[in-house]
Amino acid sequence: MAPSVGIAITLDDSRPYMGGLLDWYDQNARPLPWRIQKVTPWESLLAEIILQQTRMETGLPYWERIRAAYPTPATLAADTEENLLRLWQGCGYYARARNLYKLAKTLDGEDLPESYDSLLKMPGIGPYTAAAIASISFGQPVACVDGNVRRVISRLRAEHLSDPDLQSEANDLLDHNRPGDWNQAMMEIGSLVCTPRNPSCDTCPLESNCLASKSSNPEEWPLRRSTKQAQIDAVVIVVSDSNGILLEARKGRTLGGLWGLPYAEGEVESSELLASRKVKLIGKVRHDFTHKRLDIAVYISEVTENDETRSPESVPMATLDRKVLRFFRAHENKQS
DNA sequence: GACGCGTGGTA
DNA sequence: TTACCAAGCGT
């Protein structure tokens, strides 16, 4: 039947048929805060960065706190990196916070840029985040490729695609009328239906044109990255008095910008640290990072004249250090 | 392109 | 317990 006179119907035949995904999204999108209320591009950026490699349930409270503390990039630029890290502590991947702070300083009072290319140049914003902000906040036709989209497209095609090929496929699929919603829909279907394990192919709106769903094992795609976790022996020293704990400012990539207990790993450095004062072993704590397993020998030592102790509540610390301190406190309580 | 970077949940 | 994984980025 011909369309009614005066109504223009646009069908983009160059785009592969992905019927029903936006309908599915309109029906099934989770009521996330930024879908219920209007948020600024800055608040949206905070969410994108916090949610990088971080679960929704973990990230949401951080987002609420950080957007409340820093409603604009200028408010963050006017504060210190350490105060941002205080709000970020426990969330992991602290380079995200350090880069976010750099970004706020770089903006120097200006608004976020709106184009993918300009966003991509900012500290801490890579291809995914640039596409997410450009499309969701500014309505630009750029496709997001995150872990979900990678999985969805790999399974649709039943292929192990390179990053450039994935981006290109995602661009071809993009709905140009609702690019932001389309990107969120692709991620949402990956998160809720096309899950890493036990995907719900029987309820998936894309099932009819998904090659993986017709195979014996849809989980075969995408290729997994091999994760070898090294085992590392480390040592920490707890020096405690009525004022608090002896803490040092961590430098470098690992936990940089946070405070922590005197720490060393590896044979040479560990023995150097232990030789620097009179110590007593009180036990061991295990802590896992993605790429290494730390077996941490916990030592205690008496306060000396030069030690400046402080309250561990007053400074940003990683979960690793808080875990060791909990162990120390439990040990103290057992003694008394 | 591969690797380093946190943390917590799940099978 | 182990292995895998989650809205990636920088080097």
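Fair warning: this is a prediction, and the values are worked out from it, not measured in the lab. In what follows, chains carry the letters A, B, and so on, assigned in the order in which the sequence lines appear, proteins first and then strands, with residues in each chain numbered from 1.
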Is A:Glu169 paired with A:Arg157 through a side-chain N to carboxylate O contact shorter than 4.0 Å?
yes

May I ask you to decide if A:Ile50's main-chain N or O and A:Thr54's side chain share a donor-acceptor pair within less than 3.5 Å?
yes

Evaluate the side-chain proximity of A:Arg98 to A:Glu81: yes if any heavy-atom separation is below 4.5 Å, no if none is.
yes

Between A:Arg310 and A:Glu308, does at least one N-O distance fall below 4.0 Å, as a salt bridge requires?
yes

Nearest-angstrom distance, P atom, C:dA7 to B:dC5
22 Å

How is A:Arg98 classified with respect to the nucleic acid when contacts are heavy atoms under 4.0 Å: base, sugar-phosphate, or nothing?
nothing

Measure from the side-chain N and O atoms of A:Glu43 to the backbone N and O of A:Thr40, and report whether any donor-acceptor pair falls under 3.5 Å.
yes

Determine the Euclidean distance between corresponding P atoms of C:dC9 and B:dG8; express it in Å to zero decimal places.
22 Å

Using a heavy-atom cut-off of under 4.0 Å over every strand shown, decide if A:Leu32 touches base, sugar-phosphate, or nothing.
base

Residues A:Asp79 and A:Arg86 bridged, charged N to O under 4.0 Å
no

Is there, by distance only and without an angle test, a donor paired with an acceptor across the side chain of A:Thr54 and the base of B:dG6 below 3.5 Å?
yes

Specify the residues of residues 146-154 of chain A, ordered by number, for which at least one heavy atom lies under 4.0 angstrom from an atom of DNA chain C.
A:Asp146, A:Gly147, A:Asn148, A:Arg151

Have a look at A:Ile189 and tell me which of A:Val152, A:Thr195, A:Val149 forms a side-chain contact (heavy atoms from CB on, under 4.5 Å) with it.
A:Val152

Residues in ring-ring contact (aromatic ring centres under 6.0 Å, His included) with A:Trp34, at least two apart?
A:Trp63

If you assign each of A:Arg253 and A:Ser162 to its closest nucleotide in DNA chain B, which residue comes earlier from the 5' end?
A:Ser162

On DNA chain C, reading 5' to 3', which nucleotide is the first and which the last to sit with an atom under 4.0 Å from a heavy atom of chain A, could you check?
C:dT2 to C:dT11

Let me check something: any side-chain donor-acceptor pairs from residues 104-122 of chain A under 3.5 Å, sequence neighbours excluded? List them with distances.
residue	atom	partner	partner atom	Å
A:Lys105	NZ	A:Ala77	O	2.8
A:Thr106	OG1	A:Lys102	O	2.8
A:Ser115	OG	A:Ser118	N	3.1
A:Ser115	OG	A:Ser118	OG	2.7

Could you give the distance separating B:dC3 and C:dC4 at their P atoms, to the nearest angstrom?
15 Å

Distances for protein N or O near nucleotides 7-11 of chain B N or O, under 3.5 Å:
residue	atom	partner	partner atom	Å
B:dT7	OP1	A:Tyr94	OH	2.9
B:dT7	OP1	A:Thr319	N	2.6
B:dT7	OP1	A:Thr319	OG1	3.3
B:dT7	OP2	A:His287	NE2	2.9
B:dT7	O4	A:Thr290	OG1	2.8
B:dG8	N2	A:Arg55	NH1	2.3

Give the residues of residues 35-49 of chain A touching DNA chain C, defined as any heavy atom closer than 4.0 Å, sorted by residue number.
A:Arg35, A:Glu48

Is a donor on one side and an acceptor on the other found under 3.5 Å between the side chain of A:Asp307 and the backbone of A:Thr304?
yes

Would you classify A:Trp34 as touching base, sugar-phosphate or nothing, given that sugar-phosphate means primed atoms plus P, OP1 and OP2, and contacts are heavy atoms under 4.0 Å?
base

With a 3.5 Å distance limit and no angle check, can you tell me whether A:Arg96 reaches the backbone of A:Gly92 through a side-chain donor-acceptor pair?
yes

State whether A:Glu302 and A:Lys278 are salt-bridged, where the test is any N-O pair (Lys NZ or Arg NE/NH1/NH2 against Asp/Glu carboxylate O) under 4.0 Å.
no

